[in-house]
Number of protein chains: 2
Amino acid sequence: MKKEKEIFNQFLSRKNLRATPQRDLVLDVFLTREDHITAEQLYDVVKKNDPSIGQATIYRFLKLMLDAGLAREVDFGDGVMRYEGSYNHPHHDHLICRGCGKTIEVVDSVIEELQRRVAESFGFELTDHEMYLYGLCEVCRKK
Amino acid sequence: MKKEKEIFNQFLSRKNLRATPQRDLVLDVFLTREDHITAEQLYDVVKKNDPSIGQATIYRFLKLMLDAGLAREVDFGDGVMRYEGSYNHPHHDHLICRGCGKTIEVVDSVIEELQRRVAESFGFELTDHEMYLYGLCEVCRKK
DNA sequence: TTGTTAATGATAATCATTATCATCACATGA
DNA sequence: TCATGTGATGATAATGATTATCATTAACAA
């Protein structure tokens, strides 16, 4: 069994929540995805395996994943929240092409350190941050 | 007359749009604000001066301001868009307290340069970015 | 097996924002 | 001055993602 499933089940029992076939299925589908996914996209794929599932179950599942620390929200500012697995997938930021929407995960430890320092210089203790770099990828630039 | 009003009126005539008392009033109110403001907050203040104004006019006005380059959108991820004046108010990022919601404008030229480099290293030409630093301010940390 | 209570699916509600549309009022030309 | 074309307005409906509600179903511990 995948480690994430183990953690998720531990999380459920710790919170006195129940393991259900729906949660199992949605988690399976979620784990097949490499990158971020919207609730709707997840719903569409899950429906192929079980057309009787409701989308409320998807949204509830995603909340649980956040709570369990197994997923993160990604907000590209287009009005739809995306979710990405966070197990064995450390923090990173996103580089997004304004042309084709392609996204690349990036991380720069110097930037991270500077962010902490900037926060500290204002008396803040940094808890987290969001950084989205928008630009044009090589392909889109040539058009 | 404030420079922003001059620019806004030039923008209107260039686009064959009309100067109206409503736009005048909303712009006046908008310019009194130092920091960012939501459409609803702007609407509430404007209503005190002219209760007959509709909120659609507020939203339309904000779109025009973006178009004219006189305002920027700020998205703190709480489902409400905020707007800040951009005339004589260069780019900056935001440091937000998770405790009390206080925001501080920050800018770090080294981070900006590194962002450009990160993008370039993936073949991207950086057009813009969003960076939100979340933490706890000095006051909230003591609680 | 049963009883408790969480989970589900359908659907209504929410909330910010956008679209629609009838009416109004600028600005230009006669 | 007045007519006219068209942009602007305000009221309201629509949208779209997400959340709440609720009757019914199903885990799971005893």
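Below, chains carry the letters A, B, ... as their sequence lines are ordered, and counting in each starts from 1. Source: prediction; values computed, not measured.
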I'd like a table of atom pairs between the protein and nucleotides 18-26 of chain D - only N or O on both sides, under 3.5 Å - with the distance next to each one.
| unit_1 | atom_1 | unit_2 | atom_2 | d |
| --- | --- | --- | --- | --- |
| dT18(D) | OP1 | Met81(A) | N | 2.9 |
| dT18(D) | OP2 | Tyr59(A) | OH | 2.9 |
| dT19(D) | OP1 | Lys63(A) | NZ | 3.2 |
| dT19(D) | OP2 | Lys63(A) | NZ | 3.3 |

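The nearest whole Å value for the distance from the CG atom in Leu25(A) to the P atom in dT8(C) is 11 Å. When rounded to the nearest whole Å, the span between CD of Gln22(A) and C1' of dA6(C) equals 12 Å. The CZ-P distance, from Arg14(A) to dA6(C), rounds to 17 Å in whole Å. Rounded to whole Å, the distance from CD1 on Ile53(B) to C1' on dC24(C) is 14 Å. Remark: C1' of dA17(D) and CZ of Phe76(A) are 17 Å apart, rounded to the nearest angstrom. If you take NZ of Lys15(A) and P of dA7(C), they are 12 Å apart, rounded to a whole angstrom. Atoms CZ (Phe11(A)) and P (dA7(C)) sit 10 Å apart, rounded to a whole Å. Between Ile58(A) atom CD1 and dA7(C) atom P there is a gap of 15 Å when expressed in whole angstrom units.
Here side chain to side chain donor-acceptor pair (under 3.5 Å) pairs that include residues 45-67 of chain B, with residues two or more places apart or in two chains, are Asp50(B)-Ser52(B).
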Determine all donor-acceptor pairs shorter than 3.5 Å in which one atom belongs to a side chain in residues 117-125 of chain A; sequence neighbours excluded.
| unit_1 | atom_1 | unit_2 | atom_2 | d |
| --- | --- | --- | --- | --- |
| Arg117(A) | NE | Glu113(A) | OE2 | 3.3 |
| Ser121(A) | OG | Val118(A) | O | 2.6 |

Atom pairs and distances, side-chain donor-acceptor, residues 10-19 of chain A, under 3.5 Å, sequence neighbours left out:
| unit_1 | atom_1 | unit_2 | atom_2 | d |
| --- | --- | --- | --- | --- |
| Ser13(A) | OG | Gln10(A) | O | 3.2 |

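Qualifying ring pair (Phe, Tyr, Trp, His ring centres under 6.0 Å) partners for His129(B), counting only residues two or more places apart in sequence or in other chains: His91(B). Phe8(A) pairs by the ring pair (Phe, Tyr, Trp, His ring centres under 6.0 Å) definition with Phe61(A), not counting sequence neighbours.
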task = Would you please test His89(A) and Glu105(A) for side-chain hydrogen bond (donor to acceptor under 3.5 Å, both in side chains) and show each step?
result = CA-CA 11 Å; His89(A) 192 190; Glu105(A) 299 183 359; 2.9 Å; yes
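Taking 4.0 angstrom as the limit, Arg23(A) places none of its side-chain polar atoms (N or O) nearer than this to OP1 or OP2 of dA6(C). Not one side-chain nitrogen or oxygen of Thr20(B) sits closer than 4.0 Å to the OP1 or OP2 atom of dC26(C).
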